[in-house]
Amino acid sequence: MLSSKELSFRDPGLMPIWNKVRNGIRLSKEDGLVLYSTHDLIGLGRMANEVSRAKSGDTVYFVLNQKFEPTNICVLSCKFCDFAVKKGSPEAYEQSIEEMLDILNPDIREVHITMGLHPDWEWQHYVDMVRRIKEAYPLIDVKAFTAVEIVFFAKKFKKTHEEVLSELKAVGLRTMPGGGAEVFSERVRKLIFNQKIGAKTWFEVHRKAHKLGIQSNVTMLYGHVETFEERIEHMIKLREVQDETGGFMTFIPLAFQPGDTGIKTKNNFTSAIDDLKTIAISRLMLDNIAHIKAYWVMLTAEVAAVALNFGADDMDGIVGHERIAHDAGATSPMQLAKEKIISIIHEAGKVPIERDVWYNPLHIYPAEGTSIVSKMPYLNSVPFYSNFEPELAEIKLSPLVPRVFGQFAKEGKVDAGPMSLMDYVASQDEFEMLDYGVAVSGKAYSVLLYSHHDWKHLSGKTIGLTAESSTSVELLRVLLEKKYGVTGVTFERLHLTSGQNDYTKFDAVLLIGDEALRRWKVGLASFLNVYDLAEEWYEWKKMPFVFAVWAVRNSIPAAHKEAIRNALEGSITRSKGHYDELGREHAKRLGLTREDLAMYLNAFTYRLGEQERSAMEEFLKEQAVLA
Ligand code: V47
């Protein structure tokens, strides 16, 4: 079950849809049309907000970014576009790579590049653009080139789509923006962008990008000549491809800016009601897309702010100098200061998280008076959160992997959650331990060492380590050194985003959480040995292993502590016996059956007793005397 929330509606037609959504049943095209026709905007928004909360907690993400459109000269003339001009036009401009580097703000984390299809620029120019940005600013990730641009490069420079993408990836292309999708309808394409690629080619390029480990976004340009039916069909097509590749991160509805395009729309700009409905409906239809973006540049900051309670969990970023929308009459400012974005997110009652291109959290900015609870995004933590309903609105949830939770807790920004045992030990003075945690006696299935060698032969070898947790890493070190007498191992941290890792270069790799579970049935590359670290510990010590303990910051108000404890106790109690149902969404993503799921979750102990406390002490004793 996705949500235990009981909602009531003014439009009774929404109840059957909510029942489907909360039970994890996919919405049909007919459901989508019912949602567009409803007059119960608030009911629609509440459903979408609940879905967003189930996926992202109370978090809204943003990225410090800068948009570059290095030329508006374009060989195409799409009816909806007021940005593109022909070469020789008085409005034509070209920006050199030096000019881009000059105005690049070194504090940002993402540059977003899209542009006109220039008739004369050479292939090397595009490669250099990405390469030189990465060379000058290694911390800035490049999100560049829509599928339309990739197809243009392939044709013009006689390369395959794979060659174009691989060459760009080799110099630092990290992700692709979602532009050029427009509406996946042949009828609409013929009417307003008949020179541009259609849905089939657009998806082909993204499929290839995903195969190469380049994740991407997807947009939908709405509010021009398309029908509601075509919007819903757009979402359904996308949902089908996402089932295949899993490579889309974010859906971005783009509100059409009519400008001087000549496209006649009923009310000039889209209405706020249409914008909010479209955000909410996309959240409800796209059950397999992690994020929905409220792109304030086209929505206006005011509508985007409301959209944060209508299913959107991302606000894009500060953006900088944008032209595609502004050339077509957008009334939003060119840039929103970081402080303004944070205050918009606070006003919406949400928790701002500054992220990188892959949604790895970099900083969290809790509002005054709130207490932040970390929502461990792993399947084994489902019982903590599936019914976690604190009585106080000041308690907010944010999805954080253990290591990031540990880091934010140390910075004083996050106040409670299932803390990695090692992080708890390091911050015991500031945190109180509750009687809950994640422990297992025997196999954990999700803390696995994949190895080319037997334990005994790992001396002098290199092991890639999950970047997500420190406890499993310490457990591995204890097992190597104390159980098997293995020394001289070199450890190397893996990238937090799994698609960015090349596991083949290691003698062994340690994976945890959902990344380990995903490989449970299929194995990992050519590694022949798989060792379950919790099982290794159990066979050695005949004791459970405690991976995480719930801890609450001493200094938060007593009422907050009480509310967290009650919500947790309520969730664990109500979840018991319903694991196969509660973890269904996760299991689908990880390729696990209902039986796998029940077996996996039933292996864990969530209430910590005497046995678990002694096991923790024993582990810390072993760990303390490591070389
Ligand atoms: O593909 C062009 C659209 C897109 C107009 O991936 C217009 O994070 C409205 O893709 N009114 C480019 N839209 C922008 C884009 C984007 C934006 C923000 C974030 C991301 C992301 C991607 O702009 C084009 C086209 O669909 N567009 N003209 C117009 N008059």
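These numbers come from the heavy atoms of this one structure, side chains and all, not from hydrogens, waters or symmetry mates. Note that the structure is predicted; figures quoted are calculated from it, not measured.
Counting only N and O atoms by type, the side chains of Asp243 and Asn288 include a donor and acceptor under 3.5 Å apart. With 3.5 Å as the limit, one finds a donor-acceptor pair spanning the side chains of Glu536 and Tyr484.
In summary, Glu539 and Lys443 do not engage in a salt bridge, as defined by a charged side-chain N under 4.0 Å from a carboxylate O. Between Arg174 and Asp141 there is a salt bridge, since a side-chain N of the basic residue sits under 4.0 Å from a carboxylate O of the acidic one. Ion pairing between Glu50 and Lys55 fails under the 4.0 Å rule for side-chain N and carboxylate O. Between Arg553 and Asp415 there is a salt bridge, since at least one side-chain N of the basic residue sits less than 4.0 Å from a carboxylate O of the acidic one. No salt bridge links Arg613 with Glu617; every basic N to acidic carboxylate O contact stays at or beyond 4.0 Å. In summary, Glu430 and Lys410 do not engage in a salt bridge, as defined by a charged side-chain N under 4.0 Å from a carboxylate O. In this structure, Arg594 does not pair ionically with Glu581, as no charged nitrogen and carboxylate oxygen lie closer than 4.0 Å.
In this structure, the side chains of Leu496 and Val401 come closer than 4.5 Å at one or more pairs of heavy atoms. Side-chain contact between Met376 and Tyr385 is present, with at least one heavy-atom pair separated by less than 4.5 Å. Residues Phe527 and His452 form a side-chain contact, since some pair of their non-hydrogen atoms from C-beta on lies under 4.5 Å apart. Taking the side chain as every heavy atom from C-beta outward, Thr466 and Val509 never approach each other to under 4.5 Å. In this structure the side chain of Thr605 never reaches within 4.5 angstrom of the side chain of Ser441, judged on heavy atoms. By the 4.5 Å heavy-atom criterion applied to side chains, Arg589 and Arg584 are not counted as neighbours.
One N or O on the side chain of Asp502 and one on the backbone of Thr504 form a donor-acceptor pair closer than 3.5 Å. Lys134 places no side-chain N or O within donor-acceptor distance of the main-chain N or O of Leu173, the cut-off being under 3.5 Å. Within the 3.5 Å criterion, the main-chain N or O of Asp356 finds no donor-acceptor partner in the side chain of Asn360. Between the side chain of Lys541 and the backbone N or O of Ala615 there is no donor-acceptor pair closer than 3.5 Å. With hydrogens and angles ignored, the 3.5 Å screen pairs no side-chain donor or acceptor of Thr573 with any backbone N or O of Ser571. In terms of modelled atom types and a separation under 3.5 Å, the side chain of Asp580 and the main chain of Glu595 share no donor-acceptor contact. Panel note: side chain Lys396, backbone Thr370; no donor-acceptor pair is recorded below 3.5 Å. Counting only distance, with no hydrogens or angles, the side chain of Ser56 and the backbone of Arg53 share no donor-acceptor pair below 3.5 Å. In this structure, the side chain of Asn65 engages the main chain of Ile318 through a donor-acceptor pair within 3.5 Å. No donor-acceptor distance shorter than 3.5 angstrom exists from the side chain of Arg26 to the backbone of Asp287, with no hydrogens or angles considered.
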Discussion item. Side chain to side chain contact (heavy atoms under 4.5 Å, CB included), that's the test. Do Met419 and Ser427 meet it? Break it down for me.
Written reply: CA-CA 10 Å; Met419 198 176 252; Ser427 50; 3.8 Å; yes

Item to complete: Go through Met315 and Leu308 one step at a time and tell me if the side chain to side chain contact (heavy atoms under 4.5 Å, CB included) criterion holds.
Response: CA-CA 8 Å; Met315 264 204 80; Leu308 303 184; 3.8 Å; yes

Item to complete: Let me see the working for Ser614 and Glu610 under side-chain hydrogen bond (donor to acceptor under 3.5 Å, both in side chains), right down to the final yes or no.
Response: CA-CA 6 Å; Ser614 326; Glu610 265 321 299; 4.6 Å; no

Item to complete: Determine, step by step, whether Tyr445 and Asp596 satisfy the side-chain hydrogen bond (donor to acceptor under 3.5 Å, both in side chains) criterion, reporting the C-alpha distance in whole Å, the side-chain angles of both residues, the deciding distance to 0.1 Å, and the verdict.
Response: CA-CA 10 Å; Tyr445 302 98; Asp596 294 337; over 6 Å; no

Worksheet item: Run the salt bridge (charged side-chain N to carboxylate O under 4.0 Å, His left out) check on Asp423 and Arg403 step by step: do they pass?
Response: CA-CA 8 Å; Asp423 289 328; Arg403 195 172 60 82; over 6 Å; no

Item to complete: Verify salt bridge (charged side-chain N to carboxylate O under 4.0 Å, His left out) between Arg565 and Glu569, making sure each step is shown before the conclusion.
Response: CA-CA 6 Å; Arg565 199 193 305 263; Glu569 175 60 35; over 6 Å; no

Practice prompt. Test salt bridge (charged side-chain N to carboxylate O under 4.0 Å, His left out) on Arg477 and Glu622 and set out the steps.
Written response: CA-CA 10 Å; Arg477 293 182 60 219; Glu622 293 286 6; over 6 Å; no

Item to complete: Take Glu432 and Lys561, measure what salt bridge (charged side-chain N to carboxylate O under 4.0 Å, His left out) needs, and give me the verdict at the end.
Response: CA-CA 10 Å; Glu432 173 191 337; Lys561 274 189 212 165; 3.7 Å; yes

Item to complete: Begin from the C-alpha positions of His291 and Asp313 and carry the test side-chain hydrogen bond (donor to acceptor under 3.5 Å, both in side chains) through to its verdict.
Response: CA-CA 6 Å; His291 306 286; Asp313 70 334; 2.7 Å; yes

Discussion item. Could you go through Thr250 and Tyr359, starting from their C-alpha distance and side-chain angles, then the distance that decides it, and tell me whether this counts as side-chain hydrogen bond (donor to acceptor under 3.5 Å, both in side chains)?
Written reply: CA-CA 10 Å; Thr250 313; Tyr359 286 82; 2.7 Å; yes

Practice prompt. Show your reasoning for whether side chain to side chain contact (heavy atoms under 4.5 Å, CB included) applies to Leu528 and Tyr450.
Written response: CA-CA 7 Å; Leu528 289 179; Tyr450 286 89; over 6 Å; no

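Nearest heavy-atom pair across Thr175 and Ile214 is CA-CG2, 3.8 Å. When all heavy atoms of Ala416 and Ile564 are compared, the pair lying nearest together is CB-CD1, 3.9 Å. Closest approach of Ala48 and Arg283 over heavy atoms only: O-CG, 3.6 Å. Between Ile140 and Ile108 the shortest heavy-atom distance is CG1-O, 3.3 Å. Across all their heavy atoms, Phe506 and Gly464 have their closest contact at CD2-N, 3.5 Å. When all heavy atoms of Met616 and Val549 are compared, the closest pair comes out as SD-CG1, 3.7 Å.
Take Glu394 and apply the side chain to side chain donor-acceptor pair (under 3.5 Å) test, not counting sequence neighbours, and it matches no residue. The side chain to side chain donor-acceptor pair (under 3.5 Å) check on Arg574 picks up nothing, with sequence neighbours excluded.
Checked against the 6.0 Å centroid threshold, Phe431 and Tyr424 do not count as a close aromatic pair. Taking the six-membered ring for Trp, Phe619 and Phe545 have ring centres closer than 6.0 Å. Checked against the 6.0 Å centroid threshold, Phe248 and His210 count as a close aromatic pair. Trp550 and Tyr436 have their aromatic ring centers separated by at least 6.0 angstrom.
Between Trp537 and Trp540, the two ring planes are perpendicular [angle over 60°; tilted spans 30° to 60°]. The aromatic rings of Tyr606 and Phe604 sit tilted, their planes meeting at an angle between 30° and 60°.
In Lys211, the NZ atom is not crowded: 12 or fewer heavy atoms of neighbouring residues, nucleotides or ligands sit closer than 6.0 Å. By the 6.0 Å contact criterion, NE2 on His457 is open, its count of non-hydrogen atoms from other residues, nucleotides or ligands being 12 or less.
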